[in-house]
Every structure is written in structure tokens, then in C-alpha cells.
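All ligand and atom numbering here is 1-based and tracks the order in the structure.
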Amino acid sequence: MSANPTICLDDIDLSDLAFWARPLEEREAAFKALRQERPLAWMPAPKIEMPSAIELPELTGYYAVTRHADVLEASRQPELFCSGKGATSQLDMPEPFLEFFGSMINMDDPRHARLRRIVSTAFTPKMIKTFEDQVQVAADRIVDEVIDKGEADFVTEIAARLPLKIICDMMGVPESDYDFVFNKSNVILGATDPEYVPEGGDIAVALLSAGAELSQLVTELGQQRMKEPTDDLTSALVNANVEGEHLNESELASFFILLVVAGNETTRNAISHGMRLLTDHPDQRAAWMTDFEGVAATAVEEIVRVASPVIFMRRTATRDATLGGRPVNEGDKLILYYWSANRDENVFDNPFRFDVRRDPNPHVGFGGPGPHFCLGAHLARREITVMFRELFKRIPDIEVSGEPSRLLSGFINGIKHLPVTFTPGGAAA
Ligand code: HEM
């Protein structure tokens, strides 16, 4: 029994999808109890039944790492707590998945460093500057398309459209394929939710076919760009750079799938949670609207902290070690709960308060300090800022008008649909 009499620590099972269907307050309370009383809690292996013939690696339990200090300690020692043994997901990656999902997020140096070096060409300050203009144009168009309606599904019509357009533009994917990319990425990150893979459906098969279809799209694009390079990222990745390095076909496919899932769903959910938080906290919204540029930098970090779109990433102990002073054995899986670390009362004053001026805000929403820190953090911050600037300017009375429909997942803190209303045609604040 925990210090909180309503919570029995032994009953907290983060592997059980039912835990993630519980109300937010209950989940918050469970994580608080874990942080305070069992910061390295052993969790049982998830129970997964796949009707398909795909052989799953052995399912084992793991440590749930819930304190901020422990997440930092693990992130800073990638040689001890690595990403490349098994995977960074809860389950080790079954062999057939490696072709599509075996990207750099699941690798250690030196392979990771090589890939990160090549793809980083897209994220230089010069490239980011180009995207900044594109983000502005895209946000403007998105608002144009909804402004006269007076209501919208904020997720599908607003939040999801910006990162999707930016990533597709970046890679050179034509507009006619946006919906295709959107639907496939929903399956990949929402596979545990019945909206994306019907109950009783085969998750493994759904994931593999979504991976294969995205892979085919980018492979064909890569072949075209080898023949006729343009100034998009696909061209830069498949043709040798100044150091003579380039991605091969399967590296390009898995990087594209990583970009689509890592850059799309995360940013979309941050923007959607942001809209919900700003509606629920009118004082914070007023503070930001009154001094948009002055508050934007801290407001965006606070949205990412509270939203924590990526709930966790896994590491694996490469040898017997300690974490937070507690022993772990070689081969143990450790799940770093960024979501929990971002609510750690030892680091954040009043962690459950949404405060657009919170400073300092050492959240780990983009990952901890280490080689896997989010490659797209700068771009994501830009997208969130521009989207809210545009909304506040043109439809300042936009607000959430109904309950969010949450994604059923223990990995992505997602919102699938979020009704909003506003004065048609826009209005003065
Ligand atoms: C609010 C939005 C975002 C959030 C919350 C987020 C979160 C994260 C997190 C937590 C990681 C760390 C993975 C780990 O610890 O192993 C990560 C890595 C990564 N993110 Fe993001 N991300 C966001 C936006 C983006 C965008 C816009 C892009 C690209 C367009 C992107 C690309 C990546 C890539 C490529 C990695 C892997 C880096 C590596 O393994 O070296 N992310 N992200």
C-alpha cells in the first residue's frame, strides 16, 4: 500500500492497456506514487496475442523509471543504457519489422552517429530557416480553409495538417499523397487503438503493411531523385554529400518512417493538447495573447512538458550497473517515463499547474540529454509557435467545445479528435 491510501502500488500495471484507459487523474496519481515510493518499479511483461504467424521475441518485464533525476542519469550514459539492444519500444523488435522500423532511434554509436550525421543536413540552421517560411505559409492556408466554418475537428483539420505538410514538403512527397501518409502513420502509432486497427485485427500485420507501403512510396521517390535531384531532403539523402556519405534504400525507408511517426504525431498532439490547455486555463491564454512574442518561448516548452506527447522510450542495460543508486542487471529493460519525469515534484514547482511563463523548465519532452535528443525539437517549437500565433491573430475566440477523444496507447499521449468552435470568418479578440 502506498502513502496514498487509495493506491496499491502492487496493482499498478503499466503494461496493461486498461491502465491507459483510466481517467487522467488516476494515472497521474499512480505515477506520483511510483515516483515517491517505487521509482524503479518492476512491471510484468505485456500480454500480447497476435493471431498472425509472426514470431514474437520473448516477452519480458521491465523497470519503469519514473523520476526526473533517474531519466537524466540513464540518458547521459548511452553506453550503459543503450537503445540498440532489442529496440526502444517495450517489445524487442521482431525480425520482419527491422526493415521498416529499424531506424537510428533504435541504434547505438557508431551506426547511430553515422546516420545522425547524414540526416542532420536537413536540420542545419540554414535549412530550418527555409522551413520557417514554409511553416508560416502552411499555417496560413490551414486557417484559411476552416475560418468560415465556425467549427472544426481541431486535430484532423488543423493540428495534424501542419507537421504533415512540413515533413512531406521536406522530403518532396507530393500533396496527393498527404492523406496516404497521414493514414499510415496513424496505424503505426495508433495500432493499439480500435479506431486504427479494429479489435481482433492483427496489429503486427497492420504495422508491417503500413511500413511496407510507406517504404514503397519513399523508395520510388528516392529512385527518381537519384536520376533527377531536386533541392529536397530525399535528394540530399540518396546522393552522396560532401563527405561522400549517403543513405542506402532501406536506410532511407526506415528514416522516412521515423520522420513520419516521430515528427508528425508528436507535433500534432502537442498542438492539440496546447489548444485544450489554453481553453481550460483562460488566464494563461490571456497572458500569452497579451504578449505573444514575449511569452511564446516559455509557453511552447510548457505545452510540450504538460502534453509529453512521447510517454516513454526504452533503454537496455548493457552490463550490471546502478540507476538512482538501485542495482540493475545486464539485459534489463528500463522504460524511461518522460511523461512522469515531467511531473516530478522534486524538479517542477506545482507540476500540475499549466504555467505559460514557467522558467526554468527542464522538461524531457524531447528526450533526455544524450545522443538521441529529438532531432526535430527546433522545428517542432517553430511549428507550435507559428500555429498558435496564426490562430490567436485570425480566430482569437477559438476554443474547445467538447470532450477530446483520446488515443488508447501507453506510448503516445494522443488526441484523435477535438471539437472546436469560433466565430465564422474570424473575430476581434
Ligand atoms: C512536440 C514534438 C516532438 C516531440 C515531443 C518529440 C519527442 C522526441 C523524443 C522524446 C525523442 C527521443 C527518443 C529517445 O529518447 O530515444 C525524439 C527523437 C527524435 N525525433 Fe522528435 N519529437 C517531436 C518532434 C519532432 C519533429 C518535428 C521531428 C522531425 C521532423 C522529429 C524527429 C525526431 C528524430 C529523427 C528522433 C530520433 C533522434 C535519434 O535517435 O538520434 N521529432 N523526439
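Contacts with ligand 1 closer than 4.0 Å are made by no heavy atom of E383, backbone or side chain. Both the backbone and the side chain of H372 come within contact range of ligand 1, each with a heavy atom under 4.0 Å. Contacts of R268 with ligand 1, taken as heavy-atom pairs under 4.0 Å, are absent altogether.
A salt bridge between D140 and R394 is present, with a side-chain N of the basic residue lying under 4.0 Å from a carboxylate O of the acidic one. Under the 4.0 Å criterion applied to side-chain N and carboxylate O atoms, E175 and R141 are assigned as salt-bridge partners. For the pair E399 and R285, the salt-bridge criterion is not met [side-chain N within less than 4.0 Å of a carboxylate O].
There is a side-chain donor-acceptor pair under 3.5 Å between Q216 and E220.
If you check each of P309, A113, G365 against atom 7 (C) of ligand 1, the one with the closest non-hydrogen atom is G365.
Near Y338, with a cut-off below 4.0 Å to any heavy atom, the atoms of ligand 1 are 10 (C), 14 (C), 15 (O). Taking every non-hydrogen atom of T267 and a distance limit under 4.0 Å, the qualifying atoms of ligand 1 come out as 2 (C), 24 (C), 27 (C). Below 4.0 Å from some heavy atom of L258 lie the following atoms of ligand 1, by number and element: 35 (C). Atoms of ligand 1 lying under 4.0 Å from any heavy atom of L259, numbered from 1 in the order shown and given with element: 29 (C), 30 (C). Less than 4.0 angstrom separates some heavy atom of P371 from each of these atoms of ligand 1: 41 (O). Close contacts between ligand 1 and R315 involve ligand atoms 14 (C), 15 (O), 16 (O) [criterion: under 4.0 Å to a heavy atom].
A donor-acceptor pair is defined here as one N or O able to donate and one able to accept, closer than 3.5 Å; no such pair exists between the side chain of W339 and the backbone of I412. Not a single donor-acceptor pair under 3.5 Å links the side chain of E302 to the backbone N or O of R358. Between the side chain of R305 and the backbone N or O of P351 there is at least one donor-acceptor pair closer than 3.5 Å.
Between Q36 atom CD and F31 atom CZ the span is 13.5 Å, to the nearest 0.5 Å.
Listed by chain and number, the protein atoms of type N/O/S under 2.8 Å from atom 21 (Fe) of ligand 1 are C374 SG; waters are omitted.
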Please assess T60 against K333 for the test side-chain hydrogen bond (donor to acceptor under 3.5 Å, both in side chains), listing each intermediate value before the final yes or no.
CA-CA 8 Å; T60 56; K333 296 177 181 173; 3.0 Å; yes

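Using a 30° and 60° split on the angle between ring planes, F388 and W288 fall in the tilted class, from 30° to 60°.
Legend: residues meeting side-chain contact (heavy atoms from CB on, under 4.5 Å) with A159, ordered by chain and number and at least two apart, are F154, R268, I271, S272.
Distances from ligand 1 to the non-hydrogen atoms of M107 include no value under 4.0 Å.
Put simply, the side chain of Q284 reaches to within 4.5 Å of the side chain of D355, judged on heavy atoms.
Ligand 1 has a nitrogen or oxygen under 3.5 angstrom from a nitrogen or oxygen of R116.
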